[in-house]
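Beneath this line is the structure, given in structure tokens, with notes to follow.
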Amino acid sequence: MEIDEVANINDMDEYIELLYEDIPDKVRGSALILQLARNPDNLEELLLNETALGALARVLREDWKQSVELATNIIYIFFCFSSFSQFHGLITHYKIGALCMNIIDHELKRHELWQEELSKKKKAVDEDPENQTLRKDYEKTFKKYQGLVVKQEQLLRVALYLLLNLAEDTRTELKMRNKNIVHMLVKALDRDNFELLILVVSFLKKLSIFMENKNDMVEMDIVEKLVKMIPCEHEDLLNITLRLLLNLSFDTGLRNKMVQVGLLPKLTALLGNENYKQIAMCVLYHISMDDRFKSMFAYTDCIPQLMKMLFECSDERIDLELISFCINLAANKRNVQLICEGNGLKMLMKRALKFKDPLLMKMIRNISQHDGPTKNLFIDYVGDLAAQISNDEEEEFVIECLGTLANLTIPDLDWELVLKEYKLVPYLKDKLKPGAAEDDLVLEVVIMIGTVSMDDSCAALLAKSGIIPALIELLNAQQEDDEFVCQIIYVFYQMVFHQATRDVIIKETQAPAYLIDLMHDKNNEIRKVCDNTLDIIAEYDEEWAKKIQSEKFRWHNSQWLEMVESRQMDESEQYLYGDDRIEPYIHEGDILERPDLFYSSDGLVASEGAMSPDFFNDYHLQNGDVVGQHSFPGSLGMDGFGQSVGILGRPATAYGFRPDEPYYYGYGSR
């Protein structure tokens, strides 16, 4: 209702009297008071007029259903007060917030009824298109619907804005949450009014930082409702929607939903727009954290855009969001092929070496881990990388260079030449001393030694330099760290392949004894590397073979041996197992000299049969059952499931490892 007169603060008594008349007068009175309230200078005087505020609150409570315009005016008056935190107590006093929640809920339900009625009439018209009466009735209803929606959206907008202001206080926000504010807001996302949508999405963004609210949004399938707004012609709405998606993208299940509904190409398209580039990249970065989605980026134009941004960056240090995103994408082989297309790797190496950028080098390190043609591209840069390995460079940068070199398991690479030309052996040996460097750097040194030890001449060079005792000393110092233990054992595994270093390991060090101690470590990766290394040692040294065999027997039969040795048999129990006493089996000589106690794969081994030293190597026990052969390194065997087993690869490192996110749950069934 438009009014021509100008309100005057001195006429407040007249306006209050209008609130006691019929609905049209109440609408006029509330509109005049609203004129005054929209001027912040009048708010303090209005605050002192308890009669006016009490009357407004009463009229809203009693008559809001009778006139949308009246409800809109009165809520707008209280909204003017809500813009200032010091007046929030007044709104709480009159319980305006709770009343607004009821009004919003009611209006949303009314809107659903209008839509149902409209769709029924539309259906009738579609079924009988020649019937002009039905068509006119539908057009009339549609026009009426449009008018009602415009008024209703004004009411919803002012009511939601008031609630958003009150939600400054988290206790008030919690009360709103308990009254289902999230469900109401998500329902309102179906509207087409941009101004209302901006307000709704802003409110949802504020609420989304709390887990409980986020879970409510999940129940309402919020991502499906947001996807229609990306892209959209309204800049502010697109911006706030992206920010809400960023908040939601911290949740694994919601990231999955974003990919399912096709947000990936839509967000990628926004990377070219300067206004949305940063926020879109942050959402995409979160999606790229999930390994199962990394490969999907290869089917968009994301990687060419990112490479362009990298090369156009004029600062020494690339934006953190951009380089972090690139690091994640470089962990996928298909992405890496796109990154390295043309002169991609050359340009990355040039920039990384020029600015000594550790994060860019981390991306290059991720690229280097993939087998295939991309790994061979690094042969041209081995010298450049090796030249960075010195005490003069920043440690973080050296760690990434070492890690990149350690990934280069290329058969044609002459590692001996690299070690000698760049004097790397003294550097590597020096860093192995406990306390000589940070653990991250020392670990990369150990992994690097494992890689170069694949080369016969390199392994001999390292053994002569005294690196093996240094590794054993480090193993003692870091025995609680599984990552260190696993990588040091892998170095031993590589060295026992070569004649020169095998003799040093077996005859001049206590490495085999450490390996026997670690045979039954709780870490599966350590046990696997240990077993394979000990298998080789057992093949070449009879004395150690016997010790290893004895330890394996003792471990597999530990419970039985313990029971027999500790059991105190009285006279009545001595012959429970036949006429022979049990002591000879335990105490007369080495138990391994009694082959009649062993089983062969075909049954009992004949008592006169000699026991093969690799009996326990060929078969391993799982829960007490023989399940299959171990594969000897360098040969192909079969595992317990009939699958071929190849040469032991380098154990996986914890590089790039992230703790598992909360258990993934899908929302597809909702």
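Any value given below was found using the heavy atoms of this structure, including those in side chains, with hydrogens, waters and symmetry copies removed. Just so it is clear, the model here is predicted, and its values are computed rather than measured.
Residues E235 and Y276 are in side-chain contact: their nearest non-hydrogen atoms beyond the backbone lie under 4.5 Å apart. Looking at heavy atoms from C-beta onward, Y94 lies out of side-chain contact with L60 at the 4.5 angstrom threshold. Under the 4.5 Å side-chain criterion, counting only non-hydrogen atoms from C-beta, L148 is not in contact with V68. Residues F142 and L118 are in side-chain contact: their nearest non-hydrogen atoms beyond the backbone lie under 4.5 Å apart. Looking at heavy atoms from C-beta onward, L207 lies out of side-chain contact with R177 at the 4.5 angstrom threshold. Here the side chains of C100 and I75 are in contact, with some heavy-atom distance below 4.5 Å. The closest side-chain heavy-atom distance from F297 to L284 is below 4.5 Å. Using a 4.5 Å heavy-atom cutoff, the side chains of T252 and N256 are not in contact.
The side-chain hydrogen bond (donor to acceptor under 3.5 Å, both in side chains) test with Q152 singles out one residue from R110, H111, R191, and that residue is R191. Here the options are D25, N73, T72, the test is side-chain hydrogen bond (donor to acceptor under 3.5 Å, both in side chains), and the partner is S30; only N73 passes. Residue S249 forms a side chain to side chain contact (heavy atoms under 4.5 Å, CB included) with just one option from N247, D251, L246, and that option is L246.
Side chain of H88 to backbone of S82: a donor-acceptor contact under 3.5 angstrom is found. Judged purely by atom type and a 3.5 angstrom limit, N332 uses its side chain to pair as donor or acceptor with the backbone of N335. Between the D319 side chain and the L322 main chain, no donor and acceptor come within less than 3.5 Å of each other. Between the side chain of D216 and the main chain of V182, no donor-acceptor pair closer than 3.5 Å is present.
A donor atom on one side chain and an acceptor atom on the other are found under 3.5 Å apart for E168 and S85. In summary, the side chains of S288 and K294 do not present any donor paired with an acceptor at a separation below 3.5 Å, with no hydrogens or angles considered. Side chains of D63 and Q66: a donor on one and an acceptor on the other come within 3.5 Å.
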ask   = Could you walk me through whether K206 and E173 pass the salt bridge (Lys or Arg N to Asp or Glu O under 4.0 Å) check?
value = CA-CA 10 Å; K206 181 184 186 310; E173 187 181 298; 2.5 Å; yes

request  = List the steps and the verdict of salt bridge (Lys or Arg N to Asp or Glu O under 4.0 Å) for E394 and K356.
outcome  = CA-CA 8 Å; E394 185 190 344; K356 312 288 185 188; over 6 Å; no

task = Assess whether salt bridge (Lys or Arg N to Asp or Glu O under 4.0 Å) is satisfied between K120 and E116, documenting all intermediate values.
result = CA-CA 6 Å; K120 279 179 189 172; E116 275 179 36; 5.0 Å; no

query = Please walk me through it: do R157 and E153 pass salt bridge (Lys or Arg N to Asp or Glu O under 4.0 Å)?
reply = CA-CA 6 Å; R157 188 162 162 247; E153 285 178 347; over 6 Å; no

request  = Using the ring pair (Phe, Tyr, Trp, His ring centres under 6.0 Å) rule, take F81 and F87 through it: C-alpha gap first, then chi angles, then the decisive distance, then the call.
outcome  = CA-CA 6 Å; F81 283 102; F87 298 140; 5.5 Å; yes

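The NZ atom of K333 sits 14.0 Å away from the CD1 atom of I367 when rounded to the nearest 0.5 Å. For the atom pair CG of L34 and OH of Y15, the computed distance is 12.0 Å after rounding to the nearest 0.5 Å. Rounding to the nearest 0.5 Å gives a distance of 10.0 Å between CG of L162 and CD1 of I103. Note that CG of L244 is 8.5 Å distant from NZ of K205, once rounded to the nearest 0.5 Å.
For R317 against P358, the heavy-atom pair with the smallest separation is NH2-CD, 3.8 Å. Across all non-hydrogen atoms, the minimal contact from S295 to R292 is OG-O, 4.2 Å. M101 and M176 get closest at one heavy-atom pair: CE-O, 3.5 Å.
The aromatic rings of Y145 and W114 sit perpendicular to each other, their planes meeting at more than 60°, with 30° as the lower class boundary.
One finds a salt bridge joining E224 and K257 here, because a Lys/Arg side-chain nitrogen approaches an Asp/Glu carboxylate oxygen to under 4.0 Å.
F194 pairs by the ring-ring contact (aromatic ring centres under 6.0 Å, His included) definition with H234, not counting sequence neighbours.
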